[in-house]
Engineer: 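Here you go, one structure.
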Amino acid sequence: MAKQVQQLDRVIIRFAGDSGDGMQLTGDRFTAGTAEFGNDLSTLPNFPAEIRAPQGTLPGVSSFQLHFADHDILTPGDAPNVLVAMNPAALKANLGDLPRGADIIANTDEFTKRNLQKVGYAANPLEDDSLAEWRVHAVPLTSLTVKALEGFDLSKKDAERSKNMFALGLLSWLYHRPTEHTIKFLENKFAKKPEIAKANIAAFQAGWNYGETTESFSVSYEVKPARLAPGVYRNISGNQALAYGLIAASVQAKLPLFLGSYPITPASDILHELSKHKRFGIRTFQAEDEIAGVGAALGAAFGGALGVTTTSGPGVALKAETVGLAVTTELPLIIVDVQRAGPSTGMPTKTEQTDLLMALYGRNGESPVPVVAPMSPSDCFDAAIEAARIAVKYRTPVMLLSDGYLANGSEPWRLPEVSDLPDISQEFTTAPNGEDGTFLPFKRDTETLARPWAIPGTAGLEHRIGGIEKADGTGNISYDPDNHDLMVRTRAAKIAGIDVPDLVVDDPDGDAKVLVVGWGSTYGPIAAAARRIRAGGGKVAQAHLRHLNPLPANTGEVLKRYDKVLLPEINLGQLALLLRARYLVDVISYNRVRGLPFKAEELAGVIQDVIDSD
């Protein structure tokens with residue numbers, strides 16, 4: 001008898017298990033199938049920092065959450081509708097996030113006495129009434145996988161490793177995901193190990209067939225494709241988008257791109273991605289440490305390349321002196337900081353927005369630097385181009401503040417037309433610019449205050465740069481007090497004068513009393529929360545800052561237009577501190593530093609409280 005198919009408008013699924021269970025791969029493959037099907041989607045990978053965390057323990061749990069829908073969505077979802085728990089630790093670590101009535105698909109083979117004791121279960125929760133509030137599907141995923149692979153020349157342990165593909169097949173059947181993409185992926189991934197490829201494909205197909213034939217699942221679900229703007233789409237993570245943005249910036253700036261980088265979580269994937277694209281003239285250098293990475297990038301900028309260095313918070317601290325050198329030499333340099341939870345080593349795989357003050361002020365002396373922050377995984381592409389535009393046009397280092405949530409999360413990205421990308425190229429100086437036929441390395445453009453960019457070795461343009469203060473115009477070493485004051489103020493004026501778009505406010509009726517301001521990755525949760533408030537009849541305005549230095553010229557006017565300004569941040573109020581000081585607006589700061597993004601429901605409640613507090 002044919003099983004019932006139920007239509008849904010959206011679903012949130014979380015795969016959870018040991019860090020060695022392949023949950024990130026499983027989630028990634030389910031995401032790829034969902035993107036191919038045409039749903040809008042947003043993902044949230046969450047995994048331990050350890051390469052192989054303690055097996056069967058709560059700290060060792062790795063999860064991957066996917067929110068997909070037949071309409072536009074903004075976040076990975078607040079709470080999963082479905083939890084796939086590969087062991088007791090995965091169940092216990094995630095049960096608190098599950099709403100009543102959610103589905104739990106539990107791998108019964110791993111609910112052994114020893115595994116239960118590891119996480120403090122006195123009894124098997126699958127066999128008592130402790131899970132009565134949820135719909136539990138007890139499935140022996142491991143043993144079913146081993147049985148499906150009996151005909152393959154594999155040990156039992158190797159066969160068990162394919163249980164994540166069995167789970168993927170089951171969920172693909174349950175939500176009508178296409179299978180061709182996953183099968184092709186497995187064939188390519190294990191091309192040199194055809195027996196392993198065939199076994200994983202067999203496990204995947206066995207999971208699909210189990211869903212089709214078992215009585216445990218009497219209903220399957222269908223989420224129709226989303227109505228997205230016309231164009232060619234692909235699923236993309238923030239780190240991928242940022243890497244592609246840097247490549248596009250290199251092409252549009254007509255400059256070779258040089259990346260000097262030291263691997264660090266969660267920024268390493270940018271280095272990995274850029275290393276694949278040498279055909280675009282990209283050079284990647286994996287340095288011995290953070291200081292060497294930024295030093296090489298600055299040297300490349302001196303030599304006429306688009307210099308880039310990528311890192312996270314601890315690396316920014318190490319690079320500070322060289323960034324200051326880039327400020328005083330006035331060379332274009334992009335410093336990508338994919339923020340993570342700190343201080344020190346902190347929680348390397350968890351997200352935060354705690355590097356803003358360091359990006360703005362974390363150098364000795366008066367050393368202003370432009371700061372740009374993307375708001376979504378796909379927006380990392382455009383933010384990278386914007387950072388390059390500013391760096392090249394104004395001859396300055398630029399801080400690009402992404403974070404772990406954006407870096408590892410993914411969403412559909414509509415590929416831009418190459419013809420629509422901005423031309424950000426600038427001319428090198430090739431002839432003397434002084435009245436007496438000399439070259440003045442610090443003679444400035446009257447509009448941008450940028451100094452000339454001369455390639456070393458250009459005849460007649462010999463000049464000196466370095467960290468010691470230079471005389472205005474000539475670039476000679478100078479200890480003159482008035483000259484130093486002039487140079488400090490000129491460098492500050494150059495940054496303050498960077499052209500950035502005005503702050504745009506989303507206020508549908510124009511009569512909201514409360515404005516919610518955000519920056520970086522808080523865009524999605526804030527926008528989703530504003531939708532909920534408006535759907536309930538409430539009025540709220542929203543504005544999001546991409547440029548954090550300089551701030552848009554109309555920022556003060558926008559803030560003072562509203563009775564109350566709410567600013568959620570994944571820090572202890574860093575931007576709120578700056579806005580209060582600069583604009584004398586009593587910003588209401590809402591802060592959480594849990595290593596996780598905000599939930600839309602949480603922010604909607606905060607917004608409603610502010611609205612009701614009149």
Side-chain angles (χ1 to χ4, degrees), residues 8-16 23 27 30-31 34 39-47 61-85 90-105 131 133-135 171 175 221 223 226 238 341 350-353 375-377 403-406 408-412 516 518 520-536 538 540 542 544 566 568-570 590-611:
L8 300 175
D9 64 345
R10 67 185 185 94
V11 176
I12 303 169
I13 298 175
R14 185 181 296 177
F15 298 92
M23 293 297 92
F30 194 90
T31 300
T34 299
N39 296 121
D40 195 14
L41 62 89
S42 180
T43 68
L44 178 62
N46 191 1
F47 45 88
V61 173
S62 171
S63 68
F64 188 105
Q65 183 164 305
L66 167 67
H67 182 192
F68 60 102
D70 64 4
H71 57 275
D72 173 45
I73 57 174
L74 297 165
T75 74
D78 289 348
N81 309 113
V82 182
L83 172 66
V84 179
L91 176 64
K92 190 164 190 177
N94 293 280
L95 190 61
D97 292 337
L98 287 183
R100 293 181 179 181
D103 287 287
I104 298 173
I105 300 175
L131 300 179
E133 296 179 358
W134 298 275
R135 294 184 296 183
L171 269 292
Y175 291 97
Y221 304 93
V223 181
K350 310 304 179 183
T351 195
E352 267 182 14
Q353 292 184 299
M375 64 183 185
S376 68
D403 61 38
Y405 168 43
L406 296 183
N408 296 317
S410 62
E411 64 182 358
V516 185
S521 64
T522 59
Y523 171 78
I526 291 174
R531 283 184 181 178
R532 295 189 184 196
I533 295 296
R534 291 166 186 164
V540 64
Q542 180 192 1
H544 206 76
L566 172 67
E569 296 182 81
I570 310 177
Y590 181 75
N591 312 108
R592 300 294 295 274
V593 279
R594 302 172 59 245
L596 295 169
F598 286 118
K599 293 182 178 181
E601 182 180 9
E602 170 189 6
L603 291 185
V606 174
I607 295 170
Q608 191 63 55
D609 288 344
V610 173
I611 293 173

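As a basis for the values below, the full set of heavy atoms in this structure was taken, side chains included, without hydrogen atoms, waters or symmetry mates. Note that the structure is a prediction, hence the values are computed from the model and not measured.
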Engineer: Which pairs count as salt bridge (charged side-chain N to carboxylate O under 4.0 Å, His left out) when at least one residue sits in residues 524-533, sequence neighbours excluded?
Structural biologist: D72-R531, D78-R532
Engineer: If we only count heavy atoms from C-beta on, is the L91 to L131 side-chain gap below 4.5 Å?
Structural biologist: yes
Engineer: Under the criterion side chain to side chain contact (heavy atoms under 4.5 Å, CB included), I'd like the reasoning laid out for R534 against V540: C-alpha separation, chi angles, the key distance, then a yes or no.
Structural biologist: CA-CA 7 Å; R534 291 166 186 164; V540 64; 4.0 Å; yes
Engineer: So do the side chains of I13 and F68 get within less than 4.5 Å of each other, counting heavy atoms only?
Structural biologist: yes
Engineer: So, for V61 and A90, which heavy atoms are closest and what is the spacing to 0.1 Å?
Structural biologist: CG2-N, 3.9 Å
Engineer: Distance from S63 atom OG to L44 atom CG, nearest 0.5 Å?
Structural biologist: 7.0 Å
Engineer: What is the distance from atom OH of Y405 to atom OG1 of T75, rounded to the nearest 0.5 Å?
Structural biologist: 6.0 Å
Engineer: Drop me the distance from R592's CZ to T522's OG1, to the nearest 0.5 angstrom.
Structural biologist: 14.5 Å
Engineer: Could you report the tightest heavy-atom contact between A604 and I533, atom names first, then the distance?
Structural biologist: O-CD1, 3.4 Å
Engineer: Take F598 and I526 through the test side chain to side chain contact (heavy atoms under 4.5 Å, CB included) and record every step on the way to the result.
Structural biologist: CA-CA 8 Å; F598 286 118; I526 291 174; 5.9 Å; no
Engineer: With N46 as reference, evaluate K350, R14, Q65 under the side chain to side chain contact (heavy atoms under 4.5 Å, CB included) test and give the passing residue.
Structural biologist: K350
Engineer: How long is the gap from CG on L98 to CG on L83, to the nearest 0.5 Å?
Structural biologist: 5.0 Å
Engineer: Do you know which two heavy atoms are closest between D97 and A79, and how far apart they sit?
Structural biologist: O-CB, 3.2 Å
Engineer: With under 30° as parallel and over 60° as perpendicular, where do the rings of Y175 and Y221 fit, or are they tilted in between?
Structural biologist: parallel
Engineer: Report yes if the side chains of S410 and T31 come closer than 4.5 Å at any heavy-atom pair, otherwise no.
Structural biologist: yes
Engineer: Which atoms form the tightest heavy-atom contact between H67 and G77, and what is the distance?
Structural biologist: ND1-N, 3.6 Å
Engineer: I want to check something: taking the side chain as every heavy atom from C-beta on, are E352 and D403 in contact at a cut-off of under 4.5 Å?
Structural biologist: no
Engineer: What's the shortest heavy-atom distance between A102 and P80, and which atoms?
Structural biologist: CB-O, 3.9 Å
Engineer: Less than 4.5 Å apart, side chain to side chain, heavy atoms only: is that true for D40 and P412?
Structural biologist: yes
Engineer: So, do I105 and L171 sit near enough that their side-chain heavy atoms are less than 4.5 Å apart?
Structural biologist: yes
Engineer: State whether the number of non-hydrogen atoms from other residues, nucleotides or ligands found under 6.0 Å of E602 atom CD is greater than 12.
Structural biologist: yes
Engineer: Show your reasoning for whether side chain to side chain contact (heavy atoms under 4.5 Å, CB included) applies to L95 and I104.
Structural biologist: CA-CA 9 Å; L95 190 61; I104 298 173; 3.9 Å; yes
Engineer: Would you indicate whether the side-chain heavy atoms of L66 and F15 approach each other to under 4.5 Å?
Structural biologist: no
Engineer: In Å, rounded to the nearest 0.5 Å, how long is the span from CG of N408 to OG1 of T351?
Structural biologist: 8.5 Å
Engineer: What I'd like to find out is whether the side chain of F64 reaches to under 4.5 Å of the side chain of F30, using heavy atoms alone.
Structural biologist: no
Engineer: Could you tell me the separation between the CG atom of D103 and the CG atom of N81, rounded to the nearest 0.5 Å?
Structural biologist: 8.0 Å
Engineer: Mind listing the closest non-hydrogen atom pair of P76 and I12 along with its distance?
Structural biologist: O-CG2, 3.8 Å
